[in-house]
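Model, not experiment: these values are computed from the prediction. We're numbering straight along the sequence, starting at 1. Hydrogens, waters and symmetry mates are skipped; everything else that's a heavy atom, side chains included, is used.
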Amino acid sequence: KAATAVIDAKEVEAPTRSMAYLVRAGLQEDDAKRKADFDSAVEADPNKIEALRARGLFHLLKEDHAAALADLDAALKKEPDHAPTHEARGMALFMGQKYDEAVKSFSKAIELSPHTPTPYLHRARSYALADNLKAALEDLDKLLGLNPDAVPALLLRAQVHAQNED
């Protein structure tokens, strides 16, 4: 109710209204209403990077890869050094089976945040599906250096070794 009150108030500035739409979108149970609030957040303040990212992630979760990429690319134009946005972009490409392009996005995320383990895992998956098993294993080793107990990395490494017939 508080977010709706902010949205409905006439004297509220665009960035605040946009944030209120984002808050309300996060509380919506209905996907159509959630999407409408994300759209309204972007319309209320087209310069609000968080609104573009949030809507892009929503599209990613709904497996609308083209819409996700459009929003994530728009966010990256405004803030090109945001590692999580590059990682999300990589996921959209990965889910669209564009593994070579996904590798580039994950690589940028790693360049910007080399101590974050998840882009290594996603890039390793992309390499493995593109049959670059050596690069996949290198990424998994780097990830396990950051987090030795990463079960998904251990499982993927075993799978890549089996695929490589080691």
Side-chain angles (χ1 to χ4, degrees), residues 1-130 139 143 146-147 150-153 155-156:
K1 289 184 180 186
T4 300
V6 171
I7 290 166
D8 292 341
K10 293 186 183 346
E11 69 279 356
V12 173
E13 294 184 13
T16 303
R17 188 179 315 281
S18 178
M19 187 58 72
Y21 276 117
L22 289 177
V23 168
R24 192 170 75 178
L27 300 172
Q28 297 282 15
E29 293 181 20
D30 179 79
D31 280 344
K33 290 179 181 178
R34 185 177 296 133
K35 182 182 180 317
D37 278 348
F38 283 129
D39 290 343
S40 294
V42 173
E43 290 169 16
D45 187 358
N47 293 315
K48 190 149 198 76
I49 298 166
E50 294 88 351
L52 287 166
R53 275 192 209 116
R55 188 172 69 178
L57 291 172
F58 171 78
H59 288 307
L60 181 59
L61 291 173
K62 296 299 163 192
E63 298 185 20
D64 186 347
H65 309 132
L69 284 171
D71 282 340
L72 296 170
D73 286 344
L76 286 170
K77 283 183 183 175
K78 296 174 186 297
E79 190 178 358
D81 292 335
H82 192 260
T85 305
H86 283 283
E87 184 176 355
R89 183 179 191 281
M91 286 305 302
L93 292 163
F94 177 88
M95 292 170 71
Q97 300 181 349
K98 296 178 180 178
Y99 305 122
D100 291 336
E101 291 179 59
V103 163
K104 292 176 188 174
S105 288
F106 294 135
S107 296
K108 185 65 177 178
I110 290 167
E111 174 190 323
L112 294 168
S113 186
H115 300 294
T116 303
T118 55
Y120 289 102
L121 179 64
H122 298 316
R123 189 171 72 176
R125 285 184 177 136
S126 298
Y127 279 138
L129 288 169
D139 271 358
L143 186 158
L146 294 170
N147 182 0
V151 173
L155 293 172
L156 182 58

Salt bridge K108-E111, side-chain N to carboxylate O under 4.0 Å: yes
Just wondering, do R34 and D31 contact through their side chains at under 4.5 Å, heavy atoms? yes
Nearest atoms (heavy-atom pairs only) where A83 meets L112: CB-CB, 3.8 Å
Determine, stepwise, if the pair M91 / R89 fulfils side-chain contact (heavy atoms from CB on, under 4.5 Å). CA-CA 5 Å; M91 286 305 302; R89 183 179 191 281; over 6 Å; no
Counting only N and O atoms by type, is there a donor-acceptor contact under 3.5 Å from the side chain of R17 to the main-chain atoms of V12? yes
Return yes when atom CG of D100 has more than 12 non-hydrogen atoms of other residues, nucleotides or ligands closer than 6.0 Å, and no otherwise. no
I'd like to know whether L72 forms a side-chain contact (heavy atoms from CB on, under 4.5 Å) with L52, so could you lay out the CA-CA distance, the side-chain angles of the two residues, the decisive distance to 0.1 Å, and finally the verdict. CA-CA 7 Å; L72 296 170; L52 287 166; over 6 Å; no
Do F94 and H122 have side-chain heavy atoms sitting under 4.5 Å apart? no
So, for P117 and L146, which heavy atoms are closest and what is the spacing to 0.1 Å? CA-CD1, 4.1 Å
Rounding to 0.5 Å, atoms CG (L22) and OG (S40) come to a distance of 10.0 Å
If only atom types and distance count, is the side chain of S18 paired as donor or acceptor with the main-chain N or O of A14 below 3.5 Å? no
Donor-acceptor pair between E87 and T118 side chains, under 3.5 angstrom: yes
Could you state the interatomic distance from CG (L61) to CD (E63), rounded to the nearest 0.5 Å? 9.0 Å
Do you know which two heavy atoms are closest between A54 and F38, and how far apart they sit? CB-CE2, 3.6 Å
Considering non-hydrogen atoms only, spot the tightest contact between I49 and A75 and give its length. CG2-CB, 4.0 Å
Sequence-distant partners of D37, side chain to side chain contact (heavy atoms under 4.5 Å, CB included), two or more places apart: Y21, R24, A25, Q28
Side chains of H82 and P84 in contact at under 4.5 Å (non-hydrogen atoms): yes
Could you tell me which non-hydrogen atom of A150 sits nearest to which non-hydrogen atom of L143, and how far apart they are? CB-CD2, 3.5 Å
Could you go through K48 and V42, starting from their C-alpha distance and side-chain angles, then the distance that decides it, and tell me whether this counts as side-chain contact (heavy atoms from CB on, under 4.5 Å)? CA-CA 7 Å; K48 190 149 198 76; V42 173; over 6 Å; no
For the OG1 atom of T116 and the CG atom of N147, what is their distance to the nearest 0.5 Å? 11.5 Å
Side-chain contact test, heavy atoms from C-beta onward, threshold under 4.5 Å: evaluate it for N47 versus K78 and give yes or no. yes
Side-chain (H86) to main-chain (P80) donor-acceptor, under 3.5 angstrom: yes
Kindly indicate whether the side chain of T16, heavy atoms from C-beta on, has any atom under 4.5 Å from the side chain of V6. yes
Are K35 and H59 side-chain neighbours, meaning at least one heavy-atom pair lies under 4.5 Å? yes
Side-chain heavy atoms of I110 within contact of S107, under 4.5 Å: no
As an exercise, state the distance from OG of S105 to CG of L69, rounded to the nearest 0.5 Å. 8.0 Å
Nearest 0.5 Å, what's the CG-OH distance between L156 and Y127? 13.5 Å
Between A68 and A92, what is the shortest heavy-atom contact and its length? CB-CB, 4.2 Å
Under a 4.5 Å cut-off applied to non-hydrogen side-chain atoms, are E79 and L76 in contact? no
Give, for atom CE of M95 and atom CG of D64, the distance between the pair rounded to the nearest 0.5 Å. 10.5 Å
